[in-house]
Amino acid sequence: MQSITVHHADASTELEAGATAIQALKALEAIRGSVVAARVTTPDGTSSQWDLDREVPDGARVACIYAETEEGRAILRHSTAHVMAQAVTDLFPGAKWAIGPPVEDGFYYDFDVERPFTPDDLERIEARMTELLREKQRFVREEVAKDDALTEFADQPYKAEIISLVDDGTILSQVDAPDPVAAGQDPTFTVYRNVRQDGEVAWSDLCRGPHLPDTARIPAFKLLRAAGAYWRGREDQPMLQRIYGTAWESKKALKAHLEMIEEAKRRDHRKLGRELELTHQPDELGPGLAIFLPNGAIVRKQMEDWIRDETLARGYVPVYTPHIAKEDLWRISGHLENYGELMYPGMEVENASYRLKPMNCPFHILAFTSRTRSYRELPLRIAELGTVYRYERSGVVNGMLRARGFTQDDSHIFCRADQIVDEVVGCIEFARDLYAAFGLGEPSRVAVSTRPEAKSIGSDEQWEYAEKALMEAAARSGYDYVIDEGEGAFYGPKIDIHARDAIGREWQLTTIQVDFNLPQRFDISYVGEDGEKHQPFMVHRALFGSIERFFSVMVESFNGAFPTWLAPEQVRVVPVAADFDAYAGEVAAALRTQGVRVHLDAADGTLGAKIRDAQTSKVPYTLVVGSSEAEARTVAIRAYGTDQQRKDVPLDGFVAEVAAEIAAKRPKDG
RNA sequence: GCCGGGAUAGCUCAGUCGGCAGAGCGAUUCACUCGUAAUGAAUAGGUCCGGGGUUCGAUUCCCCGUCCCGGCUCCA
């Protein structure tokens with residue numbers, strides 16, 4: 001009898017040849033929880049995910065993949081996607097399947113069906129899935145040759161296409177495709193069969209795997225929504241019907257996730273914007289356009305004041321530029337050619353056509369070229385809060401997170417090539433300070449986007465230099481950056497910085513881009529030490545990104561309860577009865593003198609109702625004053641979100657305290 | 001732009017199997033003058049998104065458009 005050796009951590013053991021991953025893990029006493037699959041490292045050093053029931057090779061190192069890890073959940077979700085596809089096949093004969101990978105927090109599967117799915121369909125599919133889970137179908141892995149795979153999936157055109165794509169070397173990043181193969185190597189395809197207890201094959205799918213041992217190991221799942229999605233994510237391809245679902249290692253974890261979704265709905269900036277009278281987006285205005293109501297405008301003003309002050313302090317110079325310009329400017333800049341479909345149409349005036357600006361760059365270039373520039377002026381950092389208008393496709397507009405008119409804290413830094421790294425480092429550190437000030441903590445993701453495969457301008461040397469400069473700057477800033485291949489702008493590579501909000505969602509906010517297009521197109525130059533003309537590089541950066549988007553992210557992150565320094569109304573003074581209106585007025589005046597935004601609630605109504613109003617308005621501090629306070633010149637303080645009070649606090653003390661908190665311009669807990 | 005779902009009072013929503021539309025909150029007025037999350041009463045408020053069609057009659061059914069929502073694609 002042949003035997004093999006397997007390892008885990010420091011332990012090793014001998015097993016009969018043909019032993020599976022789960023047998024190895026058991027023999028090695030390596031299991032410490034709910035295990036969904038194994039990670040197997042073969043003697044040649046290749047590490048991959050492994051079905052528990054799959055044979056392990058001699059010399060393998062095995063480890064558990066647990067259900068409650070992200071890696072484990074992805075496997076669980078992928079298996080759930082298969083069950084869903086089987087249910088769809090049962091209920092919708094003739095459905096064609098495309099792909100069904102796990103995604104963040106869930107999974108989806110795309111189908112080509114006669115008619116789109118309805119919410120009722122989702123319920124039926126869910127019910128059928130529950131039946132399939134009870135059947136405890138095994139996931140059985142099988143390796144098949146290309147021809148056999150093509151024969152088996154002859155009536156599944158999307159699967160056949162995947163097979164041919166892999167075969168001709170097109171790398172498909174989808175999890176459902178087999179691993180990319182090296183050129184010239186014969187690809188092996190794997191098929192997973194869902195096998196009933198009686199051995200009948202219920203369903204099969206072309207799939208890379210791995211999967212759970214059987215369907216009964218799916219503890220909790222839910223289908224969330226149906227939506228259209230292009231095959232292979234390309235607009236020129238047919239539109240399929242996608243069903244999104246989620247699956248978790250326990251009912252409790254599923255429930256927590258569903259509650260998170262509900263919480264996100266409650267925090268929606270469109271809902272809170274209306275309730276707290278921050279913003280207004282009436283139909284009369286047009287899609288993607290917004291009005292900042294007084295409450296929102298106060299918050300926005302704090303953002304603008306902060307960025308203006310900081311920008312000047314960091315050596316930027318301000319400019320103001322118009323909202324429209326003659327079409328020729330946009331022709332020179334290349335925007336009409338490369339960006340034209342995102343620009344509003346022209347306005348004909350006095351035999352010239354004018355366009356709303358989708359970007360501020362050309363204006364800042366005109367500021368640069370207003371006279372001859374010297375190398376002594378570089379880096380020249382031109383900054384503006386510039387409002388731009390982009391004719392975004394109708395389906396993408398979303399509240400103020402994706403608007404058609406928005407304001408960028410925009411700057412263009414004109415510098416020499418050797419100054420790029422320092423300048424970009426400066427931008428990243430600026431962004432870090434900005435996130436800290438506005439309560440979003442540290443950047444969560446720093447990504448360097450490289451040259452796009454499609455259209456791009458500039459020489460290889462320029463791209464290489466700029467990409468390296470960005471990576472060096474990211475590294476010098478101390479961030480573990482990732483590289484987004486081919487995601488750069490057509491005119492140069494960029495760094496995008498993301499931040500997480502209070503409920504863990506990630507948002508792309510800051511962008512820092514190197515631009516070699518515009519300096520060339522406008523043929524801009526500075527006079528160097530040598531007396532010759534030289535072309536500067538341009539670094540384009542927006543730290544908030546869009547004021548509107550950043551504002552909305554803050555609204556959702558704070559759940560509308562802004563830190564005191566940002567809050568539209570910082571303090572509300574509530575007299576317990578009209579007799580104390582005079583003292584309440586004095587309290588309000590004392591605060592107002594210190595620049596505190598205070599409102600006196602002297603109108604009719606009970607104290608309870610006024611407290612409730614103050615709380616639902618999310619005012620940071622509510623001061624209640626009555627006879628004892630008036631006599632002792634104190635206040636009773638109730639902070640937002642608590643039902644506890646600090647009583648008998650001297651008025652002067654509170655004024656100093658809140659003024660200091662506001663002056664610090666920091667979130668309370670940060 | 002594409003797929004699907006929507007639009008009724010300022011907000012959240014009910015309703016009409018086709019017969020001139022309702023609640024709660026909010027607003028206004030009056031009464032109440034109150035010690036920490038809703039005092040009571042009254043009043044006002046609607047082209048039931050817009051246009052066309054079917055019908056004796058359309059907010060309701062059909063078509064077109066606008067806008068919104070969830071995705072795809074795109075992006076700050």
Side-chain angles (χ1 to χ4, degrees), chain A residues 108 110 113 115-119 121 224-244 265 268 270-271 274-275 277 280-288 339 341-342 358-359 386 388 390-404 406-410 487 489 494 496-498 507-511 513 540-550 552-553 574-581 602-617 622-629 636-638 640-645 647:
Chain A
Y108 66 79
D110 286 345
V113 280
R115 60 163 179 83
F117 297 109
T118 65
D121 292 336
L224 298 174
R225 67 181 78 87
Y230 298 110
W231 166 232
R232 294 174 64 201
R234 283 166 37 174
E235 281 186 89
D236 58 353
Q237 297 287 328
M239 181 154 281
L240 307 174
Q241 295 304 317
R242 174 172 298 180
I243 300 176
Y244 281 95
K265 271 187 203 159
D268 191 297
R270 292 163 297 201
K271 179 170 142 60
R274 209 181 297 121
E275 288 172 0
E277 295 184 36
H280 190 40
Q281 297 193 276
D283 288 354
E284 301 91 304
L285 217 48
Y339 209 77
E341 72 280 10
L342 280 168
M359 294 189 193
V388 296
R390 299 181 183 174
Y391 182 58
E392 297 284 352
R393 299 163 81 180
S394 61
V396 308
V397 172
N398 175 284
M400 309 218 301
L401 288 168
R402 188 74 182 274
R404 279 185 173 168
F406 60 98
T407 302
Q408 297 177 310
D409 60 313
D410 208 357
E487 295 295 316
K494 62 176 182 170
D496 290 326
I497 305 179
H498 303 240
W507 304 90
Q508 199 232 292
L509 301 165
T510 301
T511 187
Q513 312 181 343
H540 167 124
R541 54 96 297 193
L543 304 181
F544 282 127
S546 143
I547 300 265
E548 284 79 356
R549 174 180 289 181
F550 198 100
S552 305
V553 170
V574 180
V576 299
D579 288 352
F580 310 107
D581 282 0
D604 280 1
T606 60
L607 180 62
K610 289 182 181 186
I611 295 293
R612 184 170 189 277
D613 281 352
Q615 293 292 308
T616 54
S617 302
T622 305
L623 305 184
V624 175
V625 296
S627 63
S628 58
E629 286 81 8
I637 306 165
R638 179 175 177 135
Y640 172 74
T642 71
D643 54 3
Q644 282 154 18
Q645 298 126 47
K647 295 195 170 169

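In what follows, chains are A, B, ... by sequence order, proteins preceding strands, each numbered from 1. Every heavy atom of this structure was used, including side-chain atoms; hydrogens, water molecules and symmetry mates were not.
The base of B/rG1 has none of its N or O atoms less than 3.5 Å from a complementary donor or acceptor on the side chain of A/Y391. For A/N398 against B/rC69, no side-chain N or O and base N or O form a donor-acceptor pair under 3.5 Å. Put simply, the side chain of A/E629 and the base of B/rG35 share a donor and an acceptor less than 3.5 Å apart. In this model, no side-chain donor or acceptor of A/R242 finds a partner on the base of B/rC72 within 3.5 Å. Residue-to-nucleotide contacts include a donor-acceptor pair under 3.5 Å from the side chain of A/E392 to the base of B/rA76.
Using a 4.0 Å heavy-atom criterion, one finds that A/A229 contacts the sugar-phosphate atoms exclusively. No engagement by A/T510 is indicated, since no non-hydrogen atom pair under 4.0 Å with the nucleic acid exists. Heavy atoms of A/R638 sit under 4.0 angstrom from at least one base atom. Here A/L509 lies in heavy-atom contact (under 4.0 Å) with sugar-phosphate atoms only. The residue A/A542 sits apart from the nucleic acid: no heavy atom pair falls under 4.0 Å. Contacts of A/V388 with the nucleic acid, taken as non-hydrogen atoms under 4.0 Å apart, are absent. Residue contacts for A/G626: at a heavy-atom cut-off of 4.0 Å it reaches a base atom on one of the strands shown. At the heavy-atom level, A/R549 lies under 4.0 Å from base atoms of the strands shown. Here A/A403 lies in heavy-atom contact (under 4.0 Å) with a base. Residue contacts for A/Q241: at a heavy-atom cut-off of 4.0 Å it reaches the sugar-phosphate backbone alone, with no base atom in range. Residue A/G641 is classed as having no contact, given no heavy-atom separation below 4.0 Å to the nucleic acid. Nucleic acid contact class of A/S394 (heavy atoms, under 4.0 Å, all strands): base. A/T622 comes within 4.0 angstrom of nothing in the nucleic acid, heavy atoms only. Contact annotation for A/K494: backbone-only contact, meaning every heavy-atom pair under 4.0 Å involves sugar-phosphate atoms and none involves a base.
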Margin query: Checking A/L240 against A/Y230 for the side chain to side chain contact (heavy atoms under 4.5 Å, CB included) test, could you report, in this order, the C-alpha distance in whole Å, the side-chain angles of both residues, the deciding distance, and whether it holds?
Written below: CA-CA 6 Å; A/L240 307 174; A/Y230 298 110; over 6 Å; no
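The local environment of CD in A/Q644 is sparse, with at most 12 non-hydrogen atoms from other residues, nucleotides or ligands closer than 6.0 Å.
Checking side-chain atoms of A/D121 against main-chain N and O of A/T118 turns up a donor-acceptor pair under 3.5 Å. For A/Q615 (side chain) and A/G641 (main-chain N/O), a donor-acceptor pair under 3.5 Å exists by modelled atom type. Side-chain atoms of A/E548 come within 3.5 Å of backbone atoms of A/T407 as a donor-acceptor pair (strictly under, hydrogens ignored). Looking only at distances, no side-chain donor or acceptor of A/R402 sits under 3.5 Å from a matching main-chain atom of A/V397. Of the possible polar contacts, none joining the A/R390 side chain to the A/M359 backbone as a donor-acceptor pair under 3.5 Å is found. Checked by atom type and distance alone, the side chain of A/R393 never pairs as donor or acceptor with a backbone atom of A/L342 at under 3.5 Å.
The pairing partner recorded for B/rG35 is none, the criterion being a Watson-Crick or G-U wobble arrangement whose two distances lie under 3.5 angstrom.
Checked for salt-bridge contact, A/D643 and A/R638 miss the test: no charged N lies under 4.0 Å from a carboxylate O.
Comparing the C1' positions of B/rG57 and B/rC72 gives an interatomic distance of 44 Å, to the nearest angstrom. Rounded to whole Å, the C1' atom of B/rG19 lies 15 Å from the corresponding atom of B/rC48. Using atom C1' as the reference point in both B/rU36 and B/rA9, the two lie 33 Å apart (nearest Å). When the P atom is compared between B/rC30 and B/rC68, the two are found 41 Å apart, to the nearest whole Å. Taking atom C1' on both B/rA41 and B/rA37, the two are 23 Å apart, rounded to the nearest angstrom. Atom P of B/rG24 sits at a distance of 12 Å from the matching atom of B/rG40, rounded to the whole Å. Distance check on atom P: B/rA58 versus B/rG18 gives 13 Å, rounded to whole Å.
Rounded to an integer number of Å, the gap from A/E487 CD to B/rC75 C1' is 11 Å. In this structure, the CD atom of A/E235 is 12 Å from the C1' atom of B/rC3, given to the nearest Å. Following rounding to the nearest Å, A/R232 (CZ) and B/rC74 (P) show an atom-to-atom distance of 14 Å. One can place CG of A/D283 at 14 Å from C1' of B/rG10, the figure rounded to the nearest angstrom. When the C1' atom of B/rC11 is taken as reference, atom CD of A/Q281 falls 16 Å away, rounded to whole Å. At whole-Å resolution of the value, CZ in A/R234 and C1' in B/rG71 are 20 Å apart. Regarding A/L224, its CG atom lies at a distance of 20 Å from the P atom of B/rC69, rounded to whole Å. Spacing between atom CG of A/L401 and atom P of B/rC75 amounts to 17 Å, rounded to whole angstrom units.
Residue ring and nucleobase are not stacked for A/F117 and B/rG4 under a centre distance beneath 5.5 angstrom and an angle between planes beneath 30°.
For A/G286 and A/L342, each mapped to the nucleotide of RNA chain B holding its nearest heavy atom, the one lying further toward the 5' end belongs to A/G286. Of the residues near RNA chain B, A/Q508 and A/D643, the one whose nearest nucleotide (by heavy atom distance) lies more toward the 5' end is A/D643.
The side chain of A/Q513 contributes an N or O atom lying less than 4.0 Å from OP1 or OP2 of B/rA76. OP1 or OP2 of B/rC69 lies within a sub-4.0 Å distance of a side-chain N or O belonging to A/R270. Taking side-chain N and O atoms only, A/Y339 has no distance below 4.0 Å to OP1 or OP2 of B/rC75.
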